[in-house]
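Just so we're clear, the structure is a prediction, and the values are computed from it rather than from any experiment. Side chains are part of it too, since the values below use all heavy atoms of this structure and drop only hydrogens, waters and symmetry mates.
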Amino acid sequence: MKTDQHVTLVAALQIGFGVLGILIGLVIFVAVTGGGILSQDAEAIAITSIVGSVVGGIFVLTSIPEVIGGIGLLKRKNWARILIIIISCLDLLAIPFGTAIGIYSLWVLLREDTVKYFQEQNESLPEAK
């Protein structure tokens, strides 16, 4: 595969993993908060709504940068390459799928030809005046 195909695949994987994280966050929020509401106990509702909001919110907030970075990679932005390198290091902790995606992303984005590819892409853009 060519460098641009690898970069496109990394972008798609990051967007997919990010969207999956957002969906998981929403499911956690609905399930935990809904469980409290179903109990019809005021104290349970208060606790589960806080826990569901915090845990679901963490999933959503940590997944949004993956989607943004993946879209940036599709547009061949160098800032997105740096962002996805950072996110990929964190993805290594999400065993097993995050680890695989993180290793592949780091392998693609840290290669010399990828760095040159992004430099060429940024040099070909007209400067804003």
Side-chain angles (χ1 to χ4, degrees):
M1 275 176 32
K2 295 180 184 177
T3 300
D4 64 330
Q5 292 171 324
H6 280 294
V7 171
T8 302
L9 181 56
V10 167
L13 288 170
Q14 291 294 336
I15 291 170
F17 204 53
V19 167
L20 181 62
I22 291 170
L23 291 175
I24 289 171
L26 293 174
V27 167
I28 288 172
F29 171 75
V30 169
V32 174
T33 305
I37 293 170
L38 288 175
S39 73
Q40 296 181 347
D41 178 18
E43 191 174 345
I45 293 171
I47 292 170
T48 58
S49 63
I50 292 170
V51 171
S53 297
V54 169
V55 175
I58 288 171
F59 269 92
V60 170
L61 288 176
T62 57
S63 298
I64 289 173
E66 282 186 288
V67 175
I68 293 170
I71 293 169
L73 274 183
L74 288 176
K75 295 181 178 182
R76 304 304 192 250
K77 302 292 184 182
N78 196 47
W79 60 263
R81 186 180 75 84
I82 304 301
L83 176 62
I84 295 298
I85 288 171
I86 294 167
I87 290 171
S88 296
C89 291
L90 298 173
D91 282 346
L92 295 174
L93 301 173
I95 297 170
F97 300 111
T99 304
I101 292 171
I103 290 171
Y104 178 68
S105 297
L106 289 171
W107 177 75
V108 169
L109 297 176
L110 293 175
R111 291 174 41 184
E112 233 178 274
D113 55 334
T114 305
V115 174
K116 289 179 186 176
Y117 176 76
F118 274 90
Q119 287 173 346
E120 291 169 2
Q121 293 296 314
N122 289 329
E123 289 172 1
S124 66
L125 296 175
E127 290 186 31
K129 293 185 179 182

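In terms of the side-chain contact (heavy atoms from CB on, under 4.5 Å) criterion, residue partners of Leu74 (sequence neighbours excluded) are, by chain and number, Thr8, Ala11, Ile15. With sequence neighbours excluded, the residues forming a side-chain contact (heavy atoms from CB on, under 4.5 Å) with Val54 are Ile50, Ile58, listed by chain and number. Judged as a side-chain contact (heavy atoms from CB on, under 4.5 Å), and not counting sequence neighbours, Leu38 has no contacts. In terms of the side-chain contact (heavy atoms from CB on, under 4.5 Å) criterion, residue partners of Ile24 (sequence neighbours excluded) are, by chain and number, Leu20, Ile28, Phe59. For the side chain to side chain donor-acceptor pair (under 3.5 Å) test, no residue two or more places apart in sequence or in another chain qualifies with Thr114.
With hydrogens and angles ignored, the 3.5 Å screen pairs a side-chain donor or acceptor of Gln5 with a backbone N or O of Lys2. Side chain of Arg81 to backbone of Val115: no donor-acceptor contact under 3.5 angstrom is found. The backbone N or O of Leu73 lies less than 3.5 Å from a partner atom in the side chain of Arg76, making a donor-acceptor pair.
The CG atom of Leu109 sits 10.5 Å away from the CG atom of Leu83 when rounded to the nearest 0.5 Å. Between atom CD of residue Glu120 and atom NZ of residue Lys116 there is a gap of 8.5 Å, rounded to the nearest 0.5 Å. Summarising the geometry, atom CG belonging to Asn78 is positioned 6.5 Å from atom CZ belonging to Phe118; distances are rounded to the nearest 0.5 Å.
Taking every heavy atom of both residues into account, Gln14 and Ser105 meet most closely at NE2-OG, 3.1 Å. Of all the heavy atoms in Asp113 and Arg111, the pair that sits closest is OD2-NH2, 2.8 Å.
For the ring pair (Phe, Tyr, Trp, His ring centres under 6.0 Å) condition, the pairs that include at least one residue of residues 4-49, sequence neighbours left out, are His6-Tyr104, His6-Trp107. Each side chain to side chain donor-acceptor pair (under 3.5 Å) pair with one or both residues in residues 38-59, not counting sequence neighbours, would appear here, but there are none.
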Determine all donor-acceptor pairs shorter than 3.5 Å in which one atom belongs to a side chain in residues 89-103; sequence neighbours excluded.
residue: Thr99; atom: OG1; partner: Leu92; partner atom: O; Å: 2.8

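In terms of hydrophobic clustering, with Ile, Leu, Val, Met, Phe, Trp and Tyr side chains grouped at heavy-atom distances under 4.5 Å, Ile68 and Ile87 are assigned to a common cluster. Leu110 is connected to Val10 through a chain of hydrophobic side-chain contacts under 4.5 Å among Ile, Leu, Val, Met, Phe, Trp and Tyr, so both are in one cluster. Note on Leu13 and Val19: same hydrophobic cluster, where clusters join Ile, Leu, Val, Met, Phe, Trp and Tyr whose side-chain heavy atoms are under 4.5 Å apart, directly or indirectly.
Think of Leu61 as one node in a network of Ile, Leu, Val, Met, Phe, Trp and Tyr side chains linked at under 4.5 Å; it has no links at all. In the hydrophobic clustering (ILVMFWY side chains linked at under 4.5 Å, chained through shared members), Ile82 is joined by Ile86.
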Checklist entry - Would Val55 and Val32 satisfy side-chain contact (heavy atoms from CB on, under 4.5 Å), going step by step from the backbone distance to the final call? => result CA-CA 9 Å; Val55 175; Val32 174; over 6 Å; no
